[in-house]
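Single-structure report; data block below.
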Amino acid sequence: RGATVFHLDSLGFGSSSVVDSHVDSPKEREEFAPQGEDDPAEDEEEEETLTTNQGRSLQGNHSQDLPQDHPSMTALGRKNNKKKKNNNNRKKKLPKIDQLNPSEGKTIRGKQTFSARVQPSAITQAAISEVSFQLEDHTGASSGWLEMPQVSDTLFEITVDGFDKYPKTKWKYTMEAKDEKGKKTNARDVSFVVGSTAGGSGCQFAGCDNDSPSSTGGEGAPSAPSHPPLRKTHVEDSNWPHEGAIKSATGRIMFEFDDGTDQSFVCSGTVVMDGRRGRSPDPDNGRTVVQTAAHCAYNDVLKKFASKAVFIPDQVNTRGEKSDFNAANDPYGAWYLSFATIASGWADGSFPENVPYDYAYYTVFDDRSTHEGGYLNGLSGILDHDVTPMAIDFDADPSDEFVHSIGYSADKDPRLRHCAMENTSINGVPWYTNLWLKDCALTGGASGGPWMAHMDQGGVGTLISVNSWGFTHKAGMAGPVLRTKEGSWAECLFTKARTANDPGKVGGIVVKSC
């Protein structure tokens with residue numbers, strides 16, 4: 001695509017200070033706003049809702065069947081509204097930089113393409129005149145500023161080689177955009193890690209430590225986080241503001257049923273570790289496992305598995321406008337899911353009586369023919385090699401656990417949304433106690449997205465449930481219990497998903513006993 005390639009040896013690292021010519025007055029430059037910053041003007045429009053006769057709705061929906069009237073303001077967002085409005089107005093007059101690659105905390109190896117989407121101000125519409133790039137090495141020394149070539153309407157990228165000489169070091173980069181009116185904005189000090197290229201444990205997963213015994217597999221509990229924990233901030237519904245592993249492990253699931261219509265449905269899912277009990281990766285089993293909700297794989301009315309399903313990691317960074325089957329739009333591309341595994345309790349029942357079994361596992365075989373598209377360099381085409389899988393804990397007692405619930409709400413497509421709060425419980429049906437996030441306002445499309453405990457700042461945590469259902473008239477998100485000791489079949493289904501043969505055209509496996 002014509003990207004310019006530089007070698008680290010030619011960049012002339014020197015002083016750790018920023019070059020003076022790029023230090024501007026506060027009136028001319030604005031620091032990069034995190035992607036999680038909500039723009040109230042963009043959130044004002046809501047679409048029609050499809051309700052159920054039970055007053056509840058499954059949170060995975062057809063792309064046009066979208067819940068409405070869900071609060072989107074976080075607890076912290078209720079303060080200093082006037083100041084925030086002024087800041088937002090100011091930022092709208094500046095160029096916009098987003099969809100950064102590599103994202104914060106990402107692990108790279110060897111040669112890396114640095115890219116970003118750069119757009120004119122929505123207010124001034126002043127054309128972009130220059131995008132510049134600067135590296136800061138592991139010693140704090142900075143390179144000179146480099147011009148980033150424009151490779152499409154909004155994409156700028158530059159490739160740097162030679163990182164393999166600096167394994168296990170932490171670097172930073174800054175991008176700065178300038179428009180024809182002289183207004184500037186920057187994405188400053190985005191950190192990334194250079195991973196090992198040889199030796200160690202042989203771990204092939206982005207973000208893992210190749211010299212750490214915990215990354216080689218084995219049983220036991222999931223590895224302790226290597227980054228500080230995320231703050232436990234109560235959030236009802238907001239853009240996911242962080243980078244790291246969970247951002248690419250979580251993806252959009254698009255699926256269809258062979259029912260004579262052209263309808264496509266949307267859900268969310270998570271790439272999980274596929275070793276025994278979900279506690280470690282298994283690089284030799286020839287497949288990847290994706291955790292989701294049962295209603296994202298099997299229609300309990302039609303009594304059919306999805307006839308077509310794809311998983312799109314990190315779709316928030318799509319170059320398209322909304323969810324679609326065009327894998328070339330998306331950073332990692334898309335994977336065609338091979339088959340699904342569900343419980344007979346879901347398949348034989350109907351909503352809401354079958355909510356205790358609203359969990360499922362998609363399997364995708366590690367064959368490059370299952371992968372399509374992707375605009376990032378260096379993709380292997382193997383899903384759990386290209387993204388970092390999350391651990392599952394089938395022993396976790398989620399009582400009063402602080403949870404980050406994440407998913408692609410369809411009415412905010414293609415944004416990645418989240419809520420965060422302490423888990424409680426609710427009886428969605430009289431005979432079953434669901435996990436419950438009382439104030440969570442995620443909407444249709446977020447179904448199947450992960451409930452993560454013990455999240456750290458590197459985007460790593462442990463999956464303990466998934467988004468399942470909510471009420472149509474008020475906030476709240478239910479999740480099924482995955483704990484084996486409490487009678488859940490989830491671990492049993494997971495074991496089948498990681499070991500079973502492809503069932504063929506039927507599209508999935510209904511497990512009748514565990």
Side-chain angles (χ1 to χ4, degrees), residues 3-16 18 32 99-116 132-146 148 156-175 187-216 223-228 242-249 281 283 313-314 317 331-332 374-380 382 384-389 456-460:
T4 302
V5 180
F6 291 88
H7 197 281
L8 285 176
D9 292 344
S10 69
L11 296 188
F13 286 84
S15 171
S16 61
V18 178
F32 175 66
Q99 298 188 8
L100 301 174
N101 178 61
S103 55
E104 178 73 29
K106 191 75 174 180
T107 298
I108 71 165
R109 291 174 175 83
K111 182 189 293 186
Q112 175 65 38
T113 296
F114 297 83
S115 64
S132 302
F133 173 84
Q134 185 183 54
L135 272 174
E136 180 182 309
D137 69 13
H138 57 294
T139 69
S142 297
S143 70
W145 286 93
L146 304 171
M148 295 183 69
F156 291 76
E157 64 180 37
I158 189 170
T159 301
V160 181
D161 200 358
F163 287 106
D164 52 344
K165 294 182 180 179
Y166 305 94
K168 297 186 179 181
T169 56
K170 185 175 181 179
W171 296 55
K172 297 179 181 179
Y173 69 89
T174 295
M175 295 180 185
R188 178 175 296 281
D189 294 337
V190 181
S191 65
F192 61 95
V193 176
V194 180
S196 300
T197 56
S201 68
C203 175
Q204 303 179 63
F205 301 91
C208 67
D209 183 347
N210 278 330
D211 288 339
S212 171
S214 64
S215 65
T216 64
S223 303
S226 57
H227 297 270
H242 310 289
E243 297 293 339
I246 190 64
K247 192 161 170 283
S248 57
D314 195 19
N317 281 323
Y332 293 89
Y375 62 73
L376 297 180
N377 290 337
L379 294 173
S380 71
I382 306 301
D384 60 2
H385 290 190
D386 288 334
V387 307
T388 303
D456 69 24
Q457 294 179 22
V460 176

Between [atom1] on residue [X] and [atom2] on residue [Y], distance to nearest 0.5 Å:
{"X": "H242", "Y": "D456", "atom1": "NE2", "atom2": "CG", "result": "10.5 Å"}
{"X": "W171", "Y": "L8", "atom1": "CH2", "atom2": "CG", "result": "4.5 Å"}
{"X": "L135", "Y": "W145", "atom1": "CG", "atom2": "CH2", "result": "10.5 Å"}
{"X": "L100", "Y": "M175", "atom1": "CG", "atom2": "CE", "result": "6.0 Å"}
{"X": "E104", "Y": "K172", "atom1": "CD", "atom2": "NZ", "result": "8.5 Å"}
{"X": "D164", "Y": "I108", "atom1": "CG", "atom2": "CD1", "result": "10.0 Å"}

Point to revise | Within-4.5 Å side-chain heavy-atom neighbours: V387 and D314 | key: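 They are not in side-chain contact.
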Check your understanding: Would you say Y375 and N317 make side-chain contact, with heavy atoms under 4.5 Å?
Key ->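 A side-chain contact exists here, since the closest heavy-atom pair is under 4.5 Å.
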Search all heavy atoms of [X] against all heavy atoms of [Y] and return the closest pair with its distance.
{"X": "S103", "Y": "G244", "result": "OG-N, 4.4 Å"}
{"X": "Q112", "Y": "F163", "result": "CB-CE1, 4.2 Å"}
{"X": "K106", "Y": "S248", "result": "NZ-OG, 4.0 Å"}
{"X": "T174", "Y": "D189", "result": "OG1-N, 3.1 Å"}

Review point. What pairs with S115 under side-chain contact (heavy atoms from CB on, under 4.5 Å), at least two apart in sequence or on another chain?
Key: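 By the side-chain contact (heavy atoms from CB on, under 4.5 Å) rule, S115 matches N101, L155, E157.
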Please check if the side chain of [X] supplies one atom and the backbone of [Y] the other of a donor-acceptor pair under 3.5 Å.
{"X": "T107", "Y": "V194", "answer": "no"}
{"X": "E136", "Y": "S142", "answer": "no"}
{"X": "Y173", "Y": "P102", "answer": "yes"}

With [X] via side chain to side chain donor-acceptor pair (under 3.5 Å) - residues at least two apart:
{"X": "K170", "result": "none"}
{"X": "D137", "result": "T139"}
{"X": "Q457", "result": "none"}

Check your understanding: Aromatic ring centroids of F6 and F133 under 6.0 Å?
Key ->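 No: the rings miss the under 6.0 Å criterion.
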Point to revise | Sequence-distant partners of H7, ring pair (Phe, Tyr, Trp, His ring centres under 6.0 Å), two or more places apart | key: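 So H7 forms no ring pair (Phe, Tyr, Trp, His ring centres under 6.0 Å) with any residue.
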